[in-house]
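We count residues from 1, following the sequence as given. Heavy-atom basis, side chains included; hydrogens, waters and symmetry copies ignored.
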Amino acid sequence: METLKIYSVTDEYINYLRTSYPNVYSNKQDTRVHTRNYVGVVIKVENYNYYLPLSSPKETDYQVAGDGKVIKKSIVPIVRIVVKNSKGEKELKGTLRISHMIPVPESELQLYDLENEPGDAYKDLVSNEILFIRKNKERILNNAKLLYKQKTEGDRSAGYVKMALDYKALEKMCDDYIKDEKEGK
């Protein structure tokens with residue numbers, strides 16, 4: 001089984017999908033406040049390259065426990081990337097948003113060059129995320145395939161399914177994009 005790598009998706013393709021599906025995560029190229037890039041992991045689902053976007057931690061990734069807050073457990077649509085810091089305490093580094101995975105043509109994927117990342121802090125963050133993702137590869141793949149199956153077969157027994165993107169409609173857009181690209185449109 002191949003090693004999962006970090007990729008980015010071209011702005012053109014993201015903008016194309018967002019014309020019909022505004023819930024596709026934006027790369028926020030013009031409004032980004034932080035230096036964090038729009039990156040994710042690519043897996044094969046059916047015959048498509050599916051891009052699973054990485055996201056920064058949000059307040060909703062925590063829950064109140066006693067006097068403080070703790071990191072919520074991962075669920076099928078959201079894998080929380082938790083690592084231990086130098087003090088042995090758990091830290092949430094980011095999330096992998098399986099519910100917002102999108103099919104992407106090979107031509108629109110760009111391998112992320114971690115070695116030439118200018119920011120050391122960001123480089124460390126992405127390194128930690130990659131290690132976590134590779135260590136938890138089977139769970140990530142299983143969650144993605146399960147959610148894909150639930151969504152495409154109309155299984156609404158789990159509430160999180162309705163929040164997932166419409167994978168079949170996005171696959172059609174992906175196919176159309178490839179066709180238009182070949183025809184030079």
Side-chain angles (χ1 to χ4, degrees), residues 1-28 38-63 71-82 92-110 129-130 132-183 185:
M1 195 175 273
E2 77 177 77
T3 303
L4 295 179
K5 296 177 182 148
I6 300 292
Y7 290 87
S8 62
V9 177
T10 63
D11 297 341
E12 181 184 340
Y13 185 71
I14 294 295
N15 293 337
Y16 163 74
L17 293 180
R18 286 178 53 80
T19 59
S20 297
Y21 292 91
N23 287 349
V24 167
Y25 279 0
S26 167
N27 55 12
K28 299 178 184 173
Y38 183 68
V39 294
V41 210
V42 175
I43 63 169
K44 275 281 194 217
V45 178
E46 297 297 311
N47 294 318
Y48 292 90
N49 289 316
Y50 262 89
Y51 172 83
L52 288 65
L54 283 162
S55 183
S56 299
K58 314 275 185 289
E59 272 307 308
T60 56
D61 291 312
Y62 298 91
Q63 63 190 30
I71 303 165
K72 289 182 179 176
K73 294 196 180 314
S74 291
I75 54 177
V76 171
I78 303 170
V79 174
R80 292 185 173 84
I81 300 171
V82 179
L92 180 63
K93 294 295 183 182
T95 59
L96 200 53
R97 298 292 173 155
I98 294 172
S99 58
H100 285 71
M101 65 182 183
I102 55 172
V104 180
E106 192 94 25
S107 63
E108 302 308 302
L109 289 170
Q110 300 162 336
E129 290 175 330
I130 290 171
F132 176 92
I133 288 165
R134 289 180 179 162
K135 185 176 171 189
N136 293 278
K137 179 178 173 178
E138 288 303 315
R139 178 170 52 139
I140 292 164
L141 291 171
N142 290 339
N143 284 10
K145 288 176 181 174
L146 173 61
L147 183 53
Y148 179 89
K149 183 176 191 260
Q150 289 173 315
K151 185 70 177 187
T152 58
E153 293 180 359
D155 177 354
R156 301 282 190 264
S157 60
Y160 59 76
V161 175
K162 73 177 182 176
M163 299 304 289
L165 295 174
D166 184 343
Y167 304 130
K168 286 296 184 187
L170 288 166
E171 287 172 0
K172 178 167 180 353
M173 287 186 77
C174 181
D175 292 341
D176 291 346
Y177 190 91
I178 293 168
K179 183 179 167 221
D180 289 350
E181 203 174 49
K182 285 181 181 173
E183 293 174 359
K185 291 184 183 176

Query raised in the report: Taking all atoms of both residues into account, what is the closest heavy-atom pair of A158 and Q150, and its distance?
Result: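 In this case the closest contact between A158 and Q150 is CB-NE2, 4.3 Å.
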Query raised in the report: Minimum heavy-atom separation for S26 to I14, with atom names?
Result: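 Looks like CA-CG2, 4.3 Å.
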Keeping [X] on the side-chain end and [Y] on the backbone end, is there a donor-acceptor pair under 3.5 Å?
{"X": "K72", "Y": "T60", "answer": "yes"}
{"X": "Y51", "Y": "V39", "answer": "yes"}
{"X": "Y167", "Y": "L147", "answer": "no"}
{"X": "R18", "Y": "Y25", "answer": "no"}

Taking the side chain as C-beta and beyond, is there a heavy-atom pair between [X] and [Y] under 4.5 Å?
{"X": "I71", "Y": "Y62", "answer": "yes"}
{"X": "L170", "Y": "M101", "answer": "no"}
{"X": "V79", "Y": "F132", "answer": "yes"}
{"X": "K5", "Y": "R134", "answer": "yes"}
{"X": "E106", "Y": "N49", "answer": "yes"}
{"X": "V104", "Y": "L17", "answer": "no"}

Query raised in the report: Please, which pairs that meet salt bridge (charged side-chain N to carboxylate O under 4.0 Å, His left out) have at least one residue in residues 48-63, sequence neighbours excluded?
Result: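 As it turns out, the salt bridge (charged side-chain N to carboxylate O under 4.0 Å, His left out) pairs with a partner in residues 48-63, which skip direct neighbours, are E59-K69, D61-R80, D61-R97.
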Query raised in the report: Will you find, in the side chains of E46 and Y148, an N or O donor that is under 3.5 Å from an N or O acceptor?
Result: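 Looking only at side-chain atoms, Y148 and E46 do not form any donor-acceptor pair under 3.5 Å.
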Query raised in the report: Is there a donor-acceptor contact under 3.5 Å linking the side chains of Y13 and E181?
Result: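 Short answer, no.
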Rounded distance [0.5 Å steps], [atom1] in [X] versus [atom2] in [Y]:
{"X": "I81", "Y": "N136", "atom1": "CD1", "atom2": "CG", "result": "9.0 Å"}
{"X": "S74", "Y": "R139", "atom1": "OG", "atom2": "CZ", "result": "4.5 Å"}
{"X": "R156", "Y": "K162", "atom1": "CZ", "atom2": "NZ", "result": "9.5 Å"}
{"X": "L146", "Y": "N143", "atom1": "CG", "atom2": "CG", "result": "7.0 Å"}
{"X": "L54", "Y": "S8", "atom1": "CG", "atom2": "OG", "result": "11.5 Å"}
{"X": "I98", "Y": "L165", "atom1": "CD1", "atom2": "CG", "result": "12.5 Å"}

Query - Lys/Arg-Asp/Glu bridge criterion (N-O < 4.0 Å) met for D176, K172 - result: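 Yes, charged N to carboxylate O under 4.0 Å.
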Report task. Output, in order, the C-alpha distance, side-chain angles, deciding distance and verdict of side-chain contact (heavy atoms from CB on, under 4.5 Å) for L109 and V9. Result -> CA-CA 5 Å; L109 289 170; V9 177; 4.0 Å; yes
Report task. Under the salt bridge (charged side-chain N to carboxylate O under 4.0 Å, His left out) rule, collect the residues that match up with E171, sequence neighbours excluded. Result ->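 Only K168 meet the salt bridge (charged side-chain N to carboxylate O under 4.0 Å, His left out) criterion with E171.
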